[in-house]
Every structure is written in C-alpha cells, then in structure tokens.
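Worksheet: the structure to be examined is printed underneath.
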Number of protein chains: 2
Amino acid sequence: MHAELQLDNQICFRLYTATRLITQAYTPILTKLGITYPQYLVLMVLWEKDNQPVNDIAHRLLLETNTVTPLLQRMEKQGIVCRKKGEKDKRQQIVSLTAKGKELEKKAFAKIPSSMGDQLSACPLKLEDYKRLAQELDSIIETLKK
Amino acid sequence: MHAELQLDNQICFRLYTATRLITQAYTPILTKLGITYPQYLVLMVLWEKDNQPVNDIAHRLLLETNTVTPLLQRMEKQGIVCRKKGEKDKRQQIVSLTAKGKELEKKAFAKIPSSMGDQLSACPLKLEDYKRLAQELDSIIETLKK
DNA sequence: CCATATTGTATCGTACGCGATATATTGTTA
DNA sequence: TAACAATATATCGCGTACGATACAATATGG
C-alpha cells in the first residue's frame with residue numbers, strides 16, 4: 001500500500017469533506033430563504049456590487065459561465081435577480097438584484113452568522129486559527145488558479 | 001453592507017474554491033486513468049481494504065449511499081470494480097476490485113504524487129503548514145459530522 | 001471597410017451530491 | 001411466530017460543475 005495514496009494523508013479529501021459538511025450546515029437556513037449555497041454566493045457578489053455582467057460574477061467566484069448562466073436563469077425564475085442586455089455591449093447580460101434579492105441580505109444577516117457560530121461553537125479552532133486557515137487556503141487558491 | 005456576509009470573510013467560500021481547484025488539478029491525470037475524483041476516492045478506500053459493502057465505503061467517505069451506489073454502478077460498467085450480493089446478509093452488495101482496479105493503484109502512484117507536487121510547488125506552504133491544515137480541517141469535519 | 005479573430009453568453013451531455021421515496025432483507029418483540 | 005421496526009441498497013428529481021460546442025456581437029488587421 002502506497003502511503004502517499006492513503007485517504008488519511010490527503011489534504012484534498014479533507015477539503016472536499018469539510019466543504020460538503022459546511023455547505024450542509026448552511027443548507028437548513030438557506031432552504032428557509034429559498035436559495036442554495038451557490039445561489040447565496042452569487043447574491044454575496046451582487047450585494048457587494050449590483051448590476052454586474054455574467055462574466056464578472058463568474059470571475060469573482062472562479063466559476064465558468066456555463067455554471068453561472070443556468071444558476072442565474074434559475075434565480076431569475078424565482079424573482080431574486082433580473083437580467084437585461086448590456087447597452088454598451090449587447091453581448092453582455094447585466095444581472096441586477098430585485099427587491100426580493102435585496103431583502104434576502106437582511107434575512108441572511110439575521111440568521112446565518114449566528115447559526116454558523118452555533119454550529120461551529122464546539123470546534124476547538126480560535127479566531128486566529130480561522131484567519132491563518134483563510135490565508136493558507138488563499139495561497140493554495142492563488143497557486144492553482146491560472 | 002454586512003461585513004459578516006462579505007465573500008472575502010468567508011471560510012466556506014475558500015474551502016469550496018480550494019476544493020474545486022485542487023480537484024481540477026487532479027483531473028488531467030485521473031482522466032488519463034479513466035476515472036473521476038470521487039471514483040478515485042472510492043478506489044483509495046478499496047485499495048486500503050478490498051471487499052467492502054456499499055455502506056462501509058459510504059461511511060468512510062462521509063457520503064450517502066444514494067451518492068455512492070450510482071458511482072459504483074458506473075465503476076462496475078467500466079470494469080474497475082465488481083459487486084456481488086453478500087452471503088451472510090443478502091441485503092448487502094460487496095464491492096471488490098477487479099484486476100483493472102488493482103492495476104490503477106500502481107498507475108496512480110506513478111503519476112499522482114509527483115504531479116500534485118509539481119502543481120503545488122509554487123505554493124509557499126511548508127510541510128508543517130499542510131500538517132496543521134490537515135488537523136484543522138479534521139477538527140472542522142469532526143465538529144460538523146453528526 | 002471587410003474578413004477574421006476574439007469575446008460574452010448560452011446550450012448540451014455527463015457525473016456527482018443529496019433529499020425523498022421505494023423495496024427487499026433482517027431484527028425485534030409481543 | 002406473526003407483526004412491525006430497522007437496515008442496506010436502489011431509484012428519482014433537482015441543482016450544481018465543467019468540458020465541448022454553438023452563436024451573436026465586438027474588436028482587429030490588412
């Protein structure tokens with residue numbers, strides 16, 4: 001048995017698992033808000049800056065447009081965002097928050113930070129650990145994105 | 001704008017992104033081997049211990065059987081594993097490596113560690129950083145799995 | 001200015017993840 | 001042991017991810 005190929009030695013498997021479990025921790029709240037985790041990511045991008053073309057949203061999330069386009073189509077159908085052709089560049093679709101999409105920020109702020117805090121309260125990591133973790137993940141991300 | 005809801009402050013988004021990018025780094029090699037990343041995870045479980053029921057594989061990977069069953073069906077169709085009814089408990093499907101599945105371990109060991117090492121060589125993290133990262137991810141995983 | 005390359009978005013196909021449900025087998029208990 | 005609960009797996013539906021491809025609009029070079 002090759003030690004390098006053992007599951008327990010793999011950072012990637014841990015990232016994969018931690019991501020799924022944290023996403024699952026978000027899910028009950030997001031379901032009440034009527035959205036999914038990737039949709040929540042799109043909303044965070046738009047809460048930071050409204051009226052962005054599909055490409056900018058995809059770049060911000062490091063996703064391809066063939067992932068983001070159908071995601072936005074579903075969100076539009078739910079009345080969370082709207083899309084309209086760009087005026088300067090007619091190829092672009094400019095994505096904007098609807099009133100419903102803006103409302104979701106308040107609801108998210110009212111529920112998500114406290115719930116995630118609760119769910120992670122038993123975790124021994126301190127604030128400084130999370131900060132270092134964030135930096136280390138950033139350096140992995142920076143290394144791997146071309 | 002609520003600082004707690006900003007994308008840059010979120011550990012979860014970093015985990016999600018780092019996972020996707022590392023998985024993408026694995027993909028070219030795994031594609032040559034004819035498998036996907038989740039299939040590679042299943043193989044690692046079987047390389048550790050052959051002839052396991054679906055449930056044990058799912059538990060090892062912290063996945064649900066409704067994810068693992070179709071995965072195994074695809075792997076069986078490709079001739080990487082085979083499944084047969086359990087003798088003691090006829091409800092179980094015992095999953096075993098085929099010769100092709102066993103061969104893949106050698107091929108994986110020949111290519112994956114060096115390739116991943118190359119791709120992450122520009123990353124400033126040291127071995128001790130990866131070790132601590134692994135421990136911290138484990139404590140997040142341990143906290144969130146019920 | 002026109003042919004061509006590039007860009008922005010959309011569509012299609014495949015493989016996950018996972019909630020919900022179904023079914024067969026085994027365990028338990030009255 | 002017959003009725004019922006629990007377990008192991010499978011199936012279905014939906015929403016991502018992403019490679020491959022298509023198409024319209026814009027940019028560019030001759």
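Scope of the values below: all heavy atoms of this structure, side chains included, with no hydrogens, waters or symmetry mates. Order of the sequence lines fixes the chain letters, A, B, ..., with proteins taken first and strands second; residue numbering starts at 1 for each chain.
- Within the structure, ring pair (Phe, Tyr, Trp, His ring centres under 6.0 Å) contacts touching residues 99-137 of chain B (residues at least two apart or in different chains) are A:H2-B:F109.
- Across C:dC18, D:dC18, D:dA10, the shortest atom-to-atom separation from the side chain of A:T67 is found for D:dC18.
- Between A:Y16 and C:dG17 there is a side-chain N or O to OP1 or OP2 distance below 4.0 Å.
- Counting non-hydrogen atoms under 4.0 angstrom, A:K88 reaches the backbone sugars and phosphates but no base.
- Listed candidates were C:dA10, D:dT16, D:dT26. Nearest to the side chain of A:D89 is D:dT26.
- Using a 4.0 Å heavy-atom distance criterion, A:R74 is classed as a base contact.
- The CD-P distance, from B:Q24 to D:dG19, rounds to 6 Å in whole Å.
- Below the 3.5 angstrom threshold, one finds a donor paired with an acceptor across the side chain of A:R91 and the base of C:dT7.
- Closest contact between the side chain of B:P38 and the listed nucleotides C:dC16, D:dG15, C:dA10 involves C:dC16.
- Near-neighbour residues of DNA chain D inside residues 50-66 of chain A, defined by a heavy atom below 4.0 Å, number-ordered: A:L63, A:N66.
- Nearest-nucleotide mapping onto DNA chain C: of A:L21 and A:R83, the residue sitting toward the 5' end is A:R83.
- Whole-Å rounding puts the A:L144 CG to D:dC18 C1' distance at 17 Å.
- Of the charged side-chain nitrogens involved, at least one lies within less than 4.0 Å of a carboxylate oxygen, so that B:R132 and B:D129 count as a salt-bridged pair.
- Within the structure, the ring pair (Phe, Tyr, Trp, His ring centres under 6.0 Å) test picks out no pair touching residues 49-68 of chain B (sequence neighbours left out).
- One interatomic measurement links the two molecules: OH of A:Y40 to C1' of D:dT16, which rounds to 18 Å at whole-angstrom precision.
- Sequence order on DNA chain D of the closest nucleotides to B:T27 and A:Q39 puts A:Q39 first from the 5' end.
- Contact annotation: A:T23 does not reach the phosphate of C:dG17 (side-chain N/O to OP1 or OP2, under 4.0 Å).
- As a whole-Å value, the separation of A:Q92 CD from D:dA27 P is 10 Å.
- As rounded to whole Å, 13 Å separates atom P of C:dT14 from atom CD of B:Q78.
- Residue A:Q93 contributes atom CD, which lies 12 Å from atom P of D:dA25 at whole-angstrom precision.
- Proximity note for B:T69 (side chain, C-beta onward) versus D:dA10, D:dA25, C:dA15: the nearest is D:dA10.
- Under a 4.0 Å N-O distance rule, the pair A:E105/A:K102 does not qualify as a salt bridge.
- For the pair A:K85 NZ and D:dA25 C1', the interatomic distance rounds to 9 Å; values are reported in whole Å.
- With sequence neighbours excluded, the residues that form a ring pair (Phe, Tyr, Trp, His ring centres under 6.0 Å) with A:Y40 are A:Y26.
- Note on residues 10-24 of chain A: pairs passing salt bridge (charged side-chain N to carboxylate O under 4.0 Å, His left out), not counting sequence neighbours, are A:R14-B:D138.
- By the side chain to side chain donor-acceptor pair (under 3.5 Å) test, B:D89 is found to be paired with B:R91, residues two or more places apart in sequence or in another chain being considered.
- The shortest distance between side-chain heavy atoms of A:K49 and A:R60 does not fall below 4.5 Å.
- Between the CG atom of A:L30 and the C1' atom of D:dT16 there is a distance of 14 Å, rounded to whole Å.
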